[in-house]
Amino acid sequence: MKLTWMRLGPFIVGLLLASCESPTMAQPFPEPAALPQTTQLPDPLVMLKGQPVETSQQWRDERRPELKALFQHYMYGVPPPTPKNVSWKLERDDAHYFGGKATKKEVTVRFGPPQTPAIHLLLVIPNKRRGPAPCFVGLNFCGNHALVDDPAIPLPDVWMPDHCPGCRDGKAAEAGRGTQKDVWALEQSIDRGYAVATCYCGDIDPDKNDFTDGVHPHFGSRGSATRGPHDWGTIAAWAWGLSRCADYLVADKDLDPRRMIVVGHSRLGKTALLAGALDERFAIVIPHQAGCGGSAPNRKTGDALQKAESVKRINTAFPHWFCDEFKKFNDEVDRLPFDQHCLIALCAPRPVLLTNAVDDQWADPDGQFQMLQGADPVYRLLGSEGLDQKSRPELDMLISGPLGYFIHGGKHSMTPDDWRVFMNYADKQFAATP
Ligand code: GCU
């Protein structure tokens, strides 16, 4: 990656020359109905046309680009290239946050054609540290104002779902302030030496089946009626937005660009995994309870057939999350030329931690463990440690290798206990990195 930046008065402008390659054209891949059916997991080390992948160079030069293109073509849709005009502005800072333990920054990140909505990034950075801080980065569900008691943080002015605390008629309200402090556990991260950067997912694309808002209309999609089968869905847009956040974060001198951890819960965990798979600047990838369309298999077996979310169900309930081509697999998931272990493998050799809760069978915790096992050969081909465990670990036992796993009692939520695990894992992985 090559990065140029300069100061223009209060503005810091970043020019991104190349950060993460993304194909812009649909690929000449077969129609779903012409793909072979296989109940087995497709081998991540065999090319679509059957050639084996035997060296790390073949993986990097041939199979990795092919898999990225396959996921974009059949599942998430094709994102636009990195815009050349990513810029940012520090709106507010406060060096006395959390009783002086942290510095807050509120940064507006702009990109694309003039009317493209901006990303409003909230950053907290520990004041006590040696050198630039490692940083968690992820999207939040209900706005930055919900994560901390701070009247200075503006309410999002874009659509927000009414189930967000304090939200009424699709609009955030004062009543939502500080109502989700535990979900992002900002102060706890500061106490452990980690910075956190987050923005409201709706800044990038409001979570509804409507392609006339968010980033979509500014990058070629003109609404649902005119969409092509491979046009990017909401999860691809969110992941691409995380990369725009990263464009800023790698230039912030208070942060360590080599220690960015992308994290997210549930639909935003699916997003974190996709962002980590496509953008190698994310050093660690933590999809929390990401489930179907993220870290759980599309090909279900055993109990998961009854208990876990299926491709058909997710495409029906959330038709905007993926590209339209993905719907063609609703009744034929066995034709997918990949499964989600290949998305994990795209992160290799960077560490990936899948975290789960026992009562969240909808997210298929057992199937997720199998996805780690499926990615193992790619990690080993690249000379990394793989996954030695043959079965899912006991509750509360962290598998802390590059293919990490954790499950505890509890339900579908992200809590301070989960953050403790994320940080234990990151501590371990960063200590292992030279
Ligand atoms: C629903 C959906 C899941 C998703 C979850 C969430 O349960 O079926 O796929 O992960 O919402 O984002 O909370």
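Read the numbers this way: they start at 1 and go in the same order the structure lists the ligands and their atoms. Below, all heavy atoms of this structure are taken into account, side chains as well, without hydrogens, waters or symmetry copies.
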Does the N or O separation between Gln289 and ligand 1 drop below 3.5 Å for any pair? no
Does Trp321, backbone or side chain, put an N or O under 3.5 Å from an N or O of ligand 1? no
What donor-acceptor contacts under 3.5 angstrom involve side-chain atoms of residues 145-155, with partners at least two apart or in another chain?
residue, atom, partner, partner atom, Å
Asp149, OD1, Lys181, NZ, 3.2
Asp149, OD2, Lys181, NZ, 2.7
Asp150, OD1, Ala152, N, 2.8
Asp150, OD2, Tyr97, OH, 2.3
Asp150, OD2, Lys104, NZ, 2.9

Evaluate the side-chain proximity of Asp427 to Tyr194: yes if any heavy-atom separation is below 4.5 Å, no if none is. yes
Any idea which protein heavy atom is nearest [atom], and the distance to it?
atom: atom 7 (O) of ligand 1; value: Trp362 NE1, 3.3 Å
atom: atom 2 (C) of ligand 1; value: Phe318 CE1, 3.4 Å
atom: atom 9 (O) of ligand 1; value: Glu309 OE1, 2.5 Å
atom: atom 5 (C) of ligand 1; value: Ser266 OG, 3.0 Å

Checking side chain to side chain contact (heavy atoms under 4.5 Å, CB included) between His120 and each of Val109, Thr108, Thr198, which is the one that passes? Thr108
Proximal atoms of ligand 1 relative to Lys270 (non-hydrogen, under 4.0 Å): 3 (C), 4 (C), 9 (O), 10 (O)
Ile314 neighbourhood, listing ligand 1 atoms whose heavy-atom distance to it stays under 4.0 Å: 9 (O)
Tell me the contacting part of Arg267 for ligand 1: side chain, backbone, both, or neither, using a 4.0 Å heavy-atom threshold, strictly below. both
Just heavy atoms, cut-off under 4.0 Å: does His265 contact ligand 1 by side chain, backbone, both, or neither? neither
So for His412, does at least one of its heavy atoms come nearer than 4.0 angstrom to any atom of ligand 1? yes
Partners of Glu385 by salt bridge (charged side-chain N to carboxylate O under 4.0 Å, His left out), sequence neighbours excluded? none
Whether Phe211 and His320 hold their rings parallel, tilted or perpendicular, with breakpoints at 30° and 60°: perpendicular
Does the separation of the ring centres of Phe136 and Trp184 fall below 6.0 angstrom? no
What are the two closest heavy atoms between Ala275 and Phe282, and how far apart are they? O-CD1, 3.7 Å
Charged tip of Arg259 within 45° of Phe430 ring normal and under 6.0 Å: yes
